[in-house]
Amino acid sequence: MSELRPIRKVLVANRGEIAVRVLRGLADLGIRSAVIYSEPDRRSLAVQLADEAYPIGPAPSAQSYLRGDAIVELARRIGADAIHPGYGFLSERASFARQCRDGGVIFIGPPPEAIDAMGSKTESRRLMMDAGVPVVPGGAEPLADLAAAHEEAVRVGYPVMIKAAAGGGGKGMRRVDEATELPSAFRAARSEAAASFGDDAVYIEKFIVEPRHVEIQVLGDEHGRVVSLNERECSLQRRHQKVVEEAPSPVVGPELRRRMGEAAVAAAEAVGYTNAGTVEFLLDESGEFFFLEMNTRLQVEHPVTELVTGIDLVTWQLRIARGEALPEWMEHVEPRGHAVEVRLYAEDPYRGFAPSPGVIRHLRLPEGPGVRNDCGVYSGGEVTVHYDPMLAKLICWGEDRPQALTRLRRALGELRVEGIQTTVPLFRALLDDADFLAGRMDIAMLDRKLAAGELQPPEGATAVTTDNPDLPLVAAALAHWEEAHRRTAGAGDAAARLRARWRRVGRREALRMPR
Ligand code: MV4
């Protein structure tokens, strides 16, 4: 094996759970780690776990985690051979990948040309059509004017979707059901595209009704091999934010998996892709799938793929970046068992997902067979309003989907987060939802159920209180102590202090209950 470029030290240009995840990958390869941190992150878990940590600026991302120049300069100064961008922040900026290249620092990700090619929806659609990857029916050219939009919509057939050419993530997107709605939707999509991307170009696609979001994980090396590591089902999302992901998809069998995998590999090859990437598809009820976009980074939900393939994606990102070749066996990886991930956000799901910053007064993470936590916080740590509210991911593996879900139920029962509200009660509710349990879902299901007031916390607040497995223990301990105290009446100050302490435990337990 020729290791063309030794990597001895890596700068992690990110924060939170993904910085921690990358640090672990570095440690597992015996590579020295450094991390940047903003002022509010100075006591973060990533800072505590890294071999070296460097301040990068104040809270606003533009003055800290997005300072590409300063980050490349820092990497050079501290002798880091490479930068891992994590997800978000600089991870999908071709300009940053170029800055790294120009500065002689390895960018752990795809070449800037591949990021650029996938960054434009119209360009990537053209490339995918040429590569034989199925795309949603529609145009590949920006629409000149309203007349062109009318013509295209009739050709494609209503309902249609107007999308920003420069877009992604749902911005500048409008569903249009009939011709009368087209003029206002066209204008709205245009101005939103201009505001969001500085480019008002829009195009038209057929609207796919109630599809699933199924994506394929790929890895590409620098020796011409691109492999598919199979699919993740990501339909459970709220307003374009994924909430639950799993692998494999409950509706993808070996044949569809093979075809989607081949399409994803063709997509990656068409843009000269290397490193880890994800090809997103819409999968309709008939089993037809359509390329949506490619995410040119490591994704939040990568652990479900790791758990069903046994492949450590972060260490492979590093190995690819130092020039290693992917082994031949990676062409034939089948999912083993089933994995489910839930994202713990510091948000109150029953108050409109309002942010819930504060100090984490107590954190008890679940453990045991089939349980993995990718967590960026700790007991006593503070959650601020400055960044994405995702605190941690809980990922459970089982031999099959029912066992994975049973373990998730067990793990959620063990989990305690005190001091802030989290999305945990929503997951408990989902585990009682017949559609979710049956694997029936589409991209609109979560929003639909939330709007209908479904997915309330199981049995309501008081019932949950009696469910708390700790309360009987506390009660028994208190009774035992009081009995002992009666027999040694007059034991004095120590006993009074102990009694006061038990009362505090009781009060804390009461506060611990979900509201
Ligand atoms: C679509 C679609 C239906 N038909 N395109 C949303 C974000 C962007 N990445 C693409 N999106 C969609 N494009 C056509 N032609 C439905 C969505 C969509 C969606 C896609 C994936 C995951 C969640 C979604 C939620 C709402 C809409």
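Start at 1 and go down the list; that is how both ligands and their atoms are numbered.
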Please report which non-hydrogen protein atom sits nearest to [atom], along with the residue it belongs to and the distance in Å to one decimal place.
| atom | result |
| --- | --- |
| atom 7 (C) of ligand 1 | G170 N, 3.5 Å |
| atom 25 (C) of ligand 1 | Q237 NE2, 3.3 Å |
| atom 19 (C) of ligand 1 | I443 CD1, 3.3 Å |
| atom 9 (N) of ligand 1 | E293 OE1, 3.0 Å |
| atom 2 (C) of ligand 1 | M161 CE, 3.5 Å |

Would you mind checking if [Y] and [X] are paired as a salt bridge, meaning a charged N to carboxylate O distance below 4.0 Å?
| X | Y | result |
| --- | --- | --- |
| E255 | R258 | yes |
| E181 | R175 | no |
| D435 | K449 | yes |

Counting from 1, what ligand 1 atoms have a heavy atom of [X] closer than 4.0 Å?
| X | answer |
| --- | --- |
| L282 | 1 (C), 2 (C), 3 (C), 4 (N), 5 (N), 14 (C), 20 (C) |
| F207 | 3 (C), 4 (N) |
| H240 | 6 (C), 7 (C), 25 (C), 26 (C), 27 (C) |
| V136 | 15 (N) |

Quiz item: Has ligand 1 got any nitrogen or oxygen that is less than 3.5 angstrom from a nitrogen or oxygen of H213?
Solution: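 Looking only at distances, the answer is no, because the N/O contact criterion of under 3.5 Å is not met.
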
Quiz item: Between E205 and ligand 1, does any nitrogen or oxygen pair lie at a separation below 3.5 Å?
Solution: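 Min N/O separation from ligand 1 is below 3.5 Å for E205.
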
Quiz item: How far apart are the closest heavy atoms of P389 and E347, and which atoms are they?
Solution: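 Minimum heavy-atom contact is CG-OE2, 3.5 Å.
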
Practice problem: Report the residue from R232, E306, E301, H302 that forms a side chain to side chain donor-acceptor pair (under 3.5 Å) with Q217. | Solution: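 Single side chain to side chain donor-acceptor pair (under 3.5 Å) partner of Q217 among R232, E306, E301, H302: R232.
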
Quiz item: Do E233 and H213 come close enough that some side-chain heavy atom pair is under 4.5 Å?
Solution: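 Result no, sub-4.5 Å side-chain heavy-atom pair not found.
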
Self-check item: Side-chain heavy-atom pair S44, V377 within 4.5 angstrom cut-off
Solution: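 No. Closest side-chain heavy atoms not under 4.5 Å.
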
Quiz item: With ring centroids as reference points, do Y158 and F207 lie under 6.0 angstrom apart?
Solution: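 No: the rings miss the under 6.0 Å criterion.
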
Quiz item: Quick one: does ligand 1 sit under 4.0 Å from the side chain of I208, the backbone, both or neither, non-hydrogen atoms only?
Solution: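 Looking at I208 and ligand 1, atoms from backbone and side chain both fall under 4.0 Å.
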
Exercise. Select one of side chain, backbone, both or neither to describe which atoms of K206 lie under 4.0 Å from any atom of ligand 1, heavy atoms only.
Key: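 K206 to ligand 1: backbone contact only, side chain stays beyond 4.0 Å.
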
Self-check item: Distance-only donor-acceptor check, side chains H338 and E399, under 3.5 Å
Solution: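 Their side chains do not contain a donor-acceptor pair, so the 3.5 Å distance test is not met.
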
Quiz prompt | Residue selection (non-hydrogen contact nearest atom 1 (C) of ligand 1) among K163, K121, M173 | solution =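 Nearest heavy atom to atom 1 (C) of ligand 1 lies in K163.
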
